[in-house]
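One-based numbering along the sequence shown.
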Amino acid sequence: MSSPLQQALTLPCGAVLPNRIAKAAMTEGLATPDGVPTPELERLYGIWSDGGAGMLLSGNIQIDRDHLERPGNVVIDREPDEAMRRALASWAAAATRGGNHFWAQISHAGRQTQKSVNPHPKAPSAVKLGLPGGQFGEPLALTREEIAEIVRRFGVCAAACREAGFTGVQVHAAHGYLLSEFLSPRSNQRSDEYGGSLENRARALLACVASVRAAVGSDFPLSVKINSADFQKGGFAFEDSLQVVQWLEAAGVDLIEISGGTYEQPKLLGVAGLEEQEDQFVKESTRAREAYFVDFARTMQDKVTVPLMVTGGFRRRAVMEQVVAEGSADLIGLGRPMCVMTDAPRRLLAGLDELPRYESELSLLPPWLSFLNASKTVKTMATFGVQYWFYAQLDELGVRGSASPGMSVLAATRRLMGLQKKLLAGRSS
């Protein structure tokens, strides 16, 4: 009997994904300082294209070079010149050589732009991130004219990606980036048509979706990534998410990816709070099955027919098959495992029972310190240190063509800090 993961998925626009496994979006940091794709980025995605996933999602492609999620993001904030067109086309060709889809995740980092990139990033309102360390600056509230320009740029970016050979686009409206900030009452305190009611808070997202659809046409896959919830008091709640998903379906979106959390509450990493502030919709069975956002997706399936993708925590093939077979999700996203086991989809489709759990072996803290009651700041640093280890594996794949699972978290953190410093120094004014 064939696995549910081997089934093709036909999207509302008519495009067909060859199987039910996707490589989830992960920030790569492999573009030039000015945001142009590199041979290293091509090598990374060529390896993943050979790995058997039905669809690959790029990391953040930014629509504003002054609002990066991190240095090394690809940037398309204007009509591409000839050099950029060639670089994008070469990247897309490498990423689709296995016969899979390759979708561009397009985004604007908003107030989650590092201060080293922009000390005063634009946001819906002048509400600073509640994080220690001073890594993020004081945001400035966007004007209506600036919002209209952002909407236009989402369309420009999407059109450039389609022309280059990408086979779909995803609008990033999760994880506390700009469009997610508009949705949350905590970060959106506007009193105009973009703030207040949920309908107003969703206005910028729906305008960007309309801009992208007009730019790429009706036959091109258009996805949105949205939080199931922010997991913060007074933030974007599940009931809000459920309504926005229905509006997105009505707007003609082909696939919705369900995620959750922000930099302030990073449930997207599967750490720092999964046992705290449990929402009424998150059942104990979710953790038992290991997939963070499946129960949210199951509830949404009762309200919409648009295909749903769930990413986060999947390791066992039986769990993935159950989720697809029972209709809780139509597409399974894999992230961290593919930083080392780049052909994880192919192995799962061939019968592999379980993917490695690399994060369980990693720690930034020396053993003697892990027994102490470390501060929240230290624990947060350790959490993101583990994330940097996965980033370093992507850098290794792009540069050398193979991962380095023996690398320590401390070495990976030092490496990433050095690369970021170099990228920042090379940015054009």
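Considering only heavy atoms from C-beta on, Tyr177 comes within 4.5 Å of Glu69 through its side chain. Side-chain contact between Val244 and Leu198 is present, with at least one heavy-atom pair separated by less than 4.5 Å. Two residues are said to be in side-chain contact when any heavy atoms from C-beta on lie closer than 4.5 Å; Asp395 and Leu44 fail this criterion. Between Leu331 and Leu255 there is a side-chain heavy-atom pair separated by less than 4.5 Å. Two residues are said to be in side-chain contact when any heavy atoms from C-beta on lie closer than 4.5 Å; Pro221 and Thr167 fail this criterion. Looking at Ile147 and Arg190, their side chains come closer than 4.5 Å, going by heavy atoms from C-beta outward.
In this structure, Glu149 pairs ionically with Arg153, as a charged nitrogen and a carboxylate oxygen lie closer than 4.0 Å. Salt bridge Lys303/Glu249: absent, no basic N to carboxylate O contact under 4.0 Å. Ionic pairing of Asp192 and Arg203 is not present here: no N-O contact between side-chain nitrogen and carboxylate oxygen is shorter than 4.0 angstrom. In this structure, Arg315 does not pair ionically with Glu354, as no charged nitrogen and carboxylate oxygen lie closer than 4.0 Å.
Under a 3.5 Å cut-off, the side chain of Lys115 and the backbone N or O of Gln135 do not form any donor-acceptor pair. In terms of modelled atom types and a separation under 3.5 Å, the side chain of Gln170 and the main chain of Leu57 share no donor-acceptor contact. Formation of a donor-acceptor pair under 3.5 Å by the Arg213 side chain with backbone atoms of Phe220 is found in this model. The closest donor-acceptor contact from the side chain of Trp48 to the backbone of Ala53 lies at 3.5 Å or more, if one exists at all.
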Just do the side chain to side chain donor-acceptor pair (under 3.5 Å) check on Glu199 and Ser197 with the steps written out, would you? CA-CA 5 Å; Glu199 183 178 12; Ser197 68; 5.0 Å; no

Go through Tyr391 and Arg70 one step at a time and tell me if the side-chain contact (heavy atoms from CB on, under 4.5 Å) criterion holds. CA-CA 11 Å; Tyr391 292 170; Arg70 65 181 283 207; 3.9 Å; yes

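No more than 12 heavy-atom neighbours from other residues, nucleotides or ligands sit within 6.0 angstrom of CZ on Arg414.
With no hydrogens or angles considered, a side-chain donor-acceptor pair links Glu28 and Tyr45 at under 3.5 Å. Of the N and O atoms on the side chains of Ser49 and Asn100, at least one donor lies less than 3.5 Å from an acceptor on the other residue. With 3.5 Å as the limit, one finds no donor-acceptor pair spanning the side chains of Glu257 and Ser223.
Between Phe238 and Phe296, the angle of the ring planes lies from 30° to 60°, which puts this pair in the tilted group.
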